[in-house]
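See structure below.
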Amino acid sequence: MLGKLVNQNQRAQQLVETMDNKLKQHVIIPKHRLTAVEYTPWGASSNRQSTINTIFEQAGLINAIAATQGDKYGQVPLAKEQLLLINPDVIIIPGTCGKDNNDSGNTFRQELLHDPSLQQLNAIKHHKVICLPQALRSTDSQYIVDAIIYLNHHVYGKPHA
């Protein structure tokens, strides 16, 4: 649609085909799709109205709160008690993901992994608390493909060449 608006329909179609091909070549199709939630340090997650839901679906994950009511941006408050009820296989957290010494995502990850109240969560038991770099998390462009592949490989493993 954007290609039509800027009179670049053919280039837009080529870009979409490139994105589709990259996904076909690099995304691991899981035998069993895992459930996941995005969980932020301020206790929020994202439902089906969010970009993260698209990333989850294309990465082979099931957004465990996709159907939960949220605000107009798809943000959903998520208390620890709700997280315990959902019991996701994977928790995705935002951050710089180890790129610097002030990585709040890494600190938050450690807090989650060592929180006594969360030790029964599948994601905690199997160390599936994964940092999605904010640069990938917040993209609404063709680079969403990189976020999908990154998350897919960090959850399901990298394909063997």
Side-chain angles (χ1 to χ4, degrees), residues 2 12-68 70 73-76 78 83-84 86-115 118-161:
L2 183 59
Q13 188 57 41
Q14 288 172 338
L15 180 59
V16 170
E17 288 174 13
T18 299
M19 292 169 64
D20 286 342
N21 287 334
K22 191 171 182 180
L23 289 172
K24 286 177 187 171
Q25 289 175 1
H26 297 285
V27 170
I28 298 163
I29 307 299
K31 291 178 184 170
H32 172 72
R33 292 176 64 196
L34 300 176
T35 60
V37 295
E38 175 188 40
Y39 192 59
T40 65
W42 52 93
S45 191
S46 298
N47 67 17
R48 81 169 112 243
Q49 295 174 282
S50 66
T51 305
I52 196 72
N53 191 68
T54 301
I55 293 170
F56 278 15
E57 286 178 353
Q58 294 296 313
L61 294 166
I62 299 166
N63 185 351
I65 65 153
T68 305
Y73 304 107
Q75 290 289 294
V76 177
L78 190 64
L83 192 60
L84 288 165
I86 295 167
N87 194 18
D89 298 312
V90 181
I91 298 172
I92 307 301
I93 59 170
T96 55
C97 305
K99 301 261 195 267
D100 61 46
N101 292 330
N102 298 317
D103 179 20
S104 61
N106 188 40
T107 300
F108 183 52
R109 182 178 187 273
Q110 293 306 314
E111 288 172 10
L112 291 174
L113 288 171
H114 296 98
D115 185 327
L118 300 177
Q119 295 307 301
Q120 294 306 308
L121 288 177
N122 288 334
I124 302 298
K125 287 192 277 189
H126 299 110
H127 294 277
K128 289 284 189 180
V129 178
I130 298 169
C131 183
L132 180 61
Q134 193 60 34
L136 294 175
R137 164 47 181 107
S138 59
T139 186
D140 286 324
S141 70
Q142 70 272 20
Y143 298 109
I144 195 169
V145 170
D146 296 326
I148 293 164
I149 293 168
Y150 177 95
L151 190 54
N152 176 265
H153 289 186
H154 279 78
V155 171
Y156 296 114
K158 293 183 181 171
H160 302 293

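Numbers for residues simply follow the sequence, beginning at 1. It should be emphasised that the depicted structure is a prediction, and the values quoted were computed from it without experimental measurement.
With values rounded to the nearest 0.5 angstrom, Glu38 atom CD is found 10.0 Å from Thr51 atom OG1. Atom OH in Tyr150 sits 12.0 Å away from atom CD1 in Ile55 (nearest 0.5 Å). Remark: Ile62 CD1 to His32 NE2 distance equals 7.0 Å, nearest 0.5 Å. Leu34 contributes atom CG, which lies 11.5 Å from atom CZ of Phe56 (distance to the nearest 0.5 angstrom). The structure places CG of Leu112 at 12.5 Å from NE2 of His127, a figure rounded to the nearest 0.5 Å.
In this structure, the side chain of Asn63 does not engage the main chain of Arg48 through any donor-acceptor pair within 3.5 Å. Side chain of Gln49 to backbone of Ala66: no donor-acceptor contact under 3.5 angstrom is found. Judged purely by atom type and a 3.5 angstrom limit, His153 uses its side chain to pair as donor or acceptor with the backbone of His26. Side-chain atoms of Asp115 do not come within 3.5 Å of backbone N or O of Glu111 as any donor-acceptor pair. Side chain of Arg109 to backbone of Val129: a donor-acceptor contact under 3.5 angstrom is found.
With contacts defined as side-chain heavy-atom distances shorter than 4.5 Å, the pair Asn53/Asn47 does not qualify. Two residues are said to be in side-chain contact when any heavy atoms from C-beta on lie closer than 4.5 Å; Pro88 and Asn122 fail this criterion. Side-chain contact between Ser45 and Ser50 is absent, with no heavy atoms from C-beta onward closer than 4.5 Å. In this structure, the side chains of Ile91 and Leu121 come closer than 4.5 Å at one or more pairs of heavy atoms. Looking at heavy atoms from C-beta onward, Leu78 lies in side-chain contact with Ile86 at the 4.5 angstrom threshold.
Heavy atoms only, all atoms of each residue included: Ile149 and Lys22 are closest at CD1-CG, 3.8 Å. Closest heavy-atom contact between Pro30 and Gly60: CG-O, 3.9 Å. When all heavy atoms of Arg33 and Tyr156 are compared, the pair lying nearest together is CA-OH, 3.5 Å. Scanning both residues, Lys125 and Gln120, for their nearest heavy atoms gives CE-O, 3.3 Å. Contact record, Leu132 with Ile52: CD2-CD1, 3.6 Å, taken as the closest heavy-atom pair. When all heavy atoms of Phe108 and Tyr39 are compared, the pair lying nearest together is CE2-O, 3.4 Å.
When each of Leu151, Val145, Asn152 is paired with Val27, the side-chain contact (heavy atoms from CB on, under 4.5 Å) condition holds for Asn152 and for no other.
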Worksheet item: Step by step, would you call Ile92 with Val37 a side chain to side chain contact (heavy atoms under 4.5 Å, CB included)?
Response: CA-CA 6 Å; Ile92 307 301; Val37 295; over 6 Å; no
